[in-house]
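All ligand and atom numbering here is 1-based and tracks the order in the structure. The structure presented is a predicted model; accordingly, all values stated were derived computationally and were not measured. Residue numbers count from 1 along this sequence.
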Amino acid sequence: MAVNIPLDYQPQPELLAGRVILITGATNGIGRAVALAAAAHGAQVIAHGRDKRKLAQLHDDIVAVGGLAPGLVQLDLKTAQGDQYQGLIEQVEANYGRLDGLLNNASILGELTPLEHYDIGRWQEVIHVNLNSTFILTRCLLPLLKQSDDAALLFTTSTVGHQGRAYWGAYAVSKFGVEGLFQVLAHEYEDNPRLRINCINPGATRTDMRQLAYPAEAADSLKTPDDLAPLYLYLLGPDSKAVRGQLITAPIR
Ligand code: NAP
């Protein structure tokens with residue numbers, strides 16, 4: 001069942017105080033906006049990215065808005081191996097001893113081309129970054145999330161993740177997979193009142209990924225990542241405690 005939640009949610013200034021929240025793909029686009037907003041609303045953010053320089057910039061930007069200095073996790077999801085995931089768990093455990101939120105946000109677009117022409121290596125890369133690494137990270141971090149009194153686990157999908165569209169190839173298929181992963185896991189934890197699992201479709205948003213997919217589009221007609229941030233804060237914070245197992249579609253601007 002899909003639910004629509006309005007964009008006009010007004011988060012309290014200290015909405016996420018005391019919560020440790022890990023955001024993947026926090027160095028650009030929607031992930032970056034959510035990381036900044038979560039930190040500005042009191043969260044201890046753990047920001048994941050693949051680029052050290054962009055992570056350092058995010059760190060400085062979070063501190064500049066008065067947020068707690070974020071934890072930084074550098075991990076290329078294309079190449080990361082088991083021991084690096086293990087290192088990530090140990091880093092979160094050692095530094096914070098808890099995890100109250102996980103936003104699985106990082107993704108790549110891959111090619112927009114007919115399946116007949118889709119490069120096989122590229123296909124594997126997109127499925128790995130968007131789906132396999134989402135599963136691996138989630139599996140690694142579930143034990144910590146389960147220790148929280150009120151944990152929010154959020155997956156990210158796309159409209160092409162539930163309605164196949166010509167030429168969207170591995171990206172669309174990976175998002176179908178993410179929705180499947182979300183549904184299976186939400187069902188497994190439906191009776192656990194301390195862990196809620198939801199999936200968000202941000203819809204058309206003014207980011208580099210969108211620009212790559214629609215280079216000729218007038219980007220200023222689209223909502224921005226900052227417009228979306230309140231909805232993400234809602235889903236990561238205590239006000240959405242009753243929202244469980246939902247696919248949430250962000251409203252169009
Ligand atoms: P974006 O601006 O391209 O950001 C994607 C993020 O993922 C970046 O931080 C990027 O890191 C990170 N990432 C990519 N490959 C990685 C890898 N191998 N290892 C680690 N990190 C990696 O995209 P966005 O538009 O904000 O998208 C955010 C989420 O929303 C995605 O799941 C996307 O599928 C979904 N979505 C977006 C739209 C839209 O219109 N924008 C619509 C529907 C769904 P770098 O900063 O290093 O590039």
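Checked against N104 for a side-chain hydrogen bond (donor to acceptor under 3.5 Å, both in side chains), the options N130, T24, T138 give a single hit: T138.
Proximity of A204 to ligand 1, defined as any heavy-atom pair under 4.0 Å, is confined to the backbone N, CA, C and O atoms. Proximity of T27 to ligand 1, defined as any heavy-atom pair under 4.0 Å, is shared by backbone and side chain alike.
Between the D239 side chain and the Y234 main chain, no donor and acceptor come within less than 3.5 Å of each other. Checked by atom type and distance alone, the side chain of H48 pairs as donor or acceptor with a backbone atom of L75 at under 3.5 Å. In this structure a side-chain-to-backbone donor-acceptor pair under 3.5 Å is missing from H41 to P13. Between the side chain of D100 and the backbone N or O of V20 there is at least one donor-acceptor pair closer than 3.5 Å.
Using a 4.0 Å heavy-atom cutoff, L75 is listed among the residues neighbouring ligand 1. Within the structure, ligand 1 lacks L109 among the residues with a heavy atom less than 4.0 angstrom away. For the pair H48 and ligand 1, a heavy-atom separation below 4.0 Å is found. In this structure, R206 falls outside the shell of residues with a heavy atom less than 4.0 angstrom from ligand 1.
Checked by distance only, ligand 1 and T156 stay at 3.5 Å or farther apart across all their nitrogen or oxygen atoms.
With hydrogens left out, the protein atom closest to atom 16 (C) of ligand 1 is R50 NH1, 3.6 Å, a heavy atom. Given atom 40 (O) of ligand 1, the protein heavy atom at minimum distance is T205 N, 2.9 Å. Looking from atom 12 (C) of ligand 1 to the surrounding protein, the closest heavy atom is G25 CA, 3.8 Å. Of all protein heavy atoms, the one lying nearest to atom 4 (O) of ligand 1 is N28 CB, 4.0 Å. For atom 31 (C) of ligand 1, the closest non-hydrogen atom on the protein side is N105 O, 3.1 Å. Here the protein heavy atom with the shortest distance to atom 3 (O) of ligand 1 is M209 CB, 3.5 Å. Remark: minimum distance from atom 34 (O) of ligand 1 to any protein heavy atom is reached at Y171 OH, 2.5 Å. In terms of protein heavy-atom proximity, atom 41 (N) of ligand 1 is nearest to T207 OG1, 3.0 Å.
Under a cutoff of 6.0 Å and an axis angle of 45°, R165 and Y167 do not form a cation-pi pair.
Around atom 5 (C) of ligand 1, the closest heavy atom drawn from P202, S107, A47 belongs to S107.
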Quiz prompt | Chi angles and distances behind the side-chain contact (heavy atoms from CB on, under 4.5 Å) call for R139, Y85 | solution = CA-CA 10 Å; R139 186 188 182 287; Y85 286 102; over 6 Å; no
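A salt bridge links D150 with R19; the closest basic N to acidic carboxylate O contact falls under 4.0 Å.
Judged purely by distance below 3.5 Å, without hydrogens or angles, the side chains of T159 and N201 pair a donor atom with an acceptor atom.
The closest side-chain heavy-atom distance from V34 to P225 is not below 4.5 Å.
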